Amino acid sequence: MYKEVGDVMPPEEKNGLLRQLPAVDQVLRWAETARLLEEYPRGVVVDAVRDVLSQAREAILNNEPSGARREEVVRRVTHAVRPNLKPVINATGVVLHTNLGRSVLCRRAQEAVARASSGFTNLEYNLTAGKRGQRHAVVEALLCRLTGAEAAMAVNNNAAAVLLALSTLAAGREVIVSRGQLIEIGGSFRIPDVMRQSGAILVEVGSTNKTHRRDYRGAVNERTALLLHVHMSNYRIIGFAQEVPVAELVSIGREYHLPVVSDLGSGSLVDLSRFGLPYEPTVQEMVAAGADVITFSGDKLLGGPQAGLVVGKRDYIERMKKHPLARAVRIDKLTLAALEATLREYFDGDAALEEIPTLRMLLRPIGELKAVAGELAARLSQALGGRAHVWVEEGISQVGGGAMPTAALLSALVCVEYRDDLSVNEAIRRLRFNDPPVIARAEKNALALDVRTIAMSEIPLVVAALQDAARGN
Ligand SMILES: *Cc1c(COP(=O)(O)O)cnc(C)c1O
């Protein structure tokens, strides 16, 4: 429609182009955009058209008339109306990718969310008694049976669980914790900061690499509220290092009548070390070791929705449920629905390892990964023709989400090197703009797709995305 002009356009030409710009109403009548009105609220589409037309005007004034072409306007409007939160294809191989929403829900959890969201539920209504009930009841018995604990509750996330535990049990009093465990989780969650926020007073003991039983004993006084153990989920101290195990902290706690709170972080319910993954203490082991309150995430190794789970001794948990903060950090019904369905998967022995996507991806055998990579590489070679060099390589995927930092999971990477002069970084950028976006990484000057986190059903979408990237999107 418009000619491309690289140099400065004469004013009369600019004015001509500006006059040719369609009106908002006109764009809304184009077949391509009219379709969007069926899919999205009218105001959303109108706003997008307005924005895109004003960008087009701006572009003409900046001597870039191509931004006003009909197909460009349609492309931009289509892009702009899409939801901000959208599915992406995770080709990074990082299973618990915090930026990509950590755990993918299992099928039954997805169905439970759909059911719980489409009508009323007995969220806080005891159907037997015909009166008000507790939302914690939805998962409490399940959590107790799975972990062996006396009582349980669920909140919004593990950070909230730790904050609630400290606020309830230690506000205005002292909490003893090893220096080696004063960790930062990311997103500014630091144990000392959470402690301050809760009103508890941090008492650090030991040194970065070594803490002994006598260090805890020496710090106990009449102001002490509890002993805190924080699992070093996202880093390790190796070499000359020692911490006091939870079972021993518990015995010190018993001597002085102090509870032991354990922030377990990842919160695995199955010991994955029997499949060759690094050993992580399970929630059951923490309960058996005698910890009074244990907190962990719902969406890390558990493989459920974002949630903070608390299990432990009834007295402490009941106090936490009644604390005013509990209301501020309470779990919502959709999360609760997904959590219940996820927990139920663990009642069928090793079936959880298949049904729960996080566990399935972590345990995907290298043979399967290589087969998937071979398939993807073959389809890519065919689709990209002479435009790219495609090959399969062994690589390493990470667990992510601050879990098992030392785990190096052997995986299969599909590597792509575009011929032309499409750089790896530009290709990665284009994949991000794809619909759905594909998140890939660069490895040794090639674009690398780690198939661990790519579902079979996503392969055609990945192929199409790489093909479009080659064409310049
Ligand atoms: C991840 C983690 C947290 C924070 O959990 P969220 O569910 O992300 O709020 C707290 N403590 C430890 C030890 C963790 O690993």
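Remember, it's a predicted structure, so these values are computed and weren't measured experimentally. Read the numbers this way: they start at 1 and go in the same order the structure lists the ligands and their atoms.
- If you check the side chains of Ser273 and Asp271, you find a donor sitting under 3.5 Å from an acceptor.
- Closest heavy-atom approach to atom 11 (N) of ligand 1 within the set Ile183, Val230, Asp263: this belongs to Asp263.
- Within the 4.0 Å heavy-atom cutoff, Lys300 counts among the residues contacting ligand 1.
- The two residues Pro436 and Leu461 come nearest to each other via the heavy atoms CG-CD1, 4.2 Å.
- Ala159 N, 2.9 Å is the protein heavy atom nearest to atom 9 (O) of ligand 1.
- Under 4.0 Å is where a charged nitrogen must lie from a carboxylate oxygen, and between Arg430 and Asp468 no such pair does.
- Any N or O atom pair closer than 3.5 Å counts here, and Asn158 shares at least one such pair with ligand 1.
- Side-chain N or O atoms of Arg441 include none that pairs as donor or acceptor with a backbone N or O of Asp450 at under 3.5 Å.
- Residue contacts with ligand 1 leave out Glu184, since none of its heavy atoms falls under 4.0 Å from the ligand.
- Summary of contacts: the protein heavy atom closest to atom 6 (P) of ligand 1 is Ser297 OG, 3.5 Å.
- With ligand atoms numbered from 1 in the order given, ligand 1 contributes 10 (C), 11 (N) to contacts under 4.0 Å with heavy atoms of Phe189.
- Ligand 1 has no N or O atom lying under 3.5 Å from any N or O atom of His231, backbone or side chain.
- Summary of contacts: the protein heavy atom closest to atom 15 (O) of ligand 1 is Ser233 OG, 2.4 Å.
- Checked options Val139, Ile331, Val310, Leu143; the residue passing with Met153 is Val310 (criterion: side-chain contact (heavy atoms from CB on, under 4.5 Å)).
- Side-chain contact check for Ser207 and Arg179: no donor-acceptor pair (N or O, by modelled atom type) lies under 3.5 Å.
- Short contacts between ligand 1 and Arg102, defined as distances under 4.0 Å to a heavy atom of the residue, involve ligand atoms 6 (P), 7 (O), 8 (O).
- For the residue pair Arg102/Gln306, the side-chain donor-acceptor check at 3.5 Å is not satisfied.
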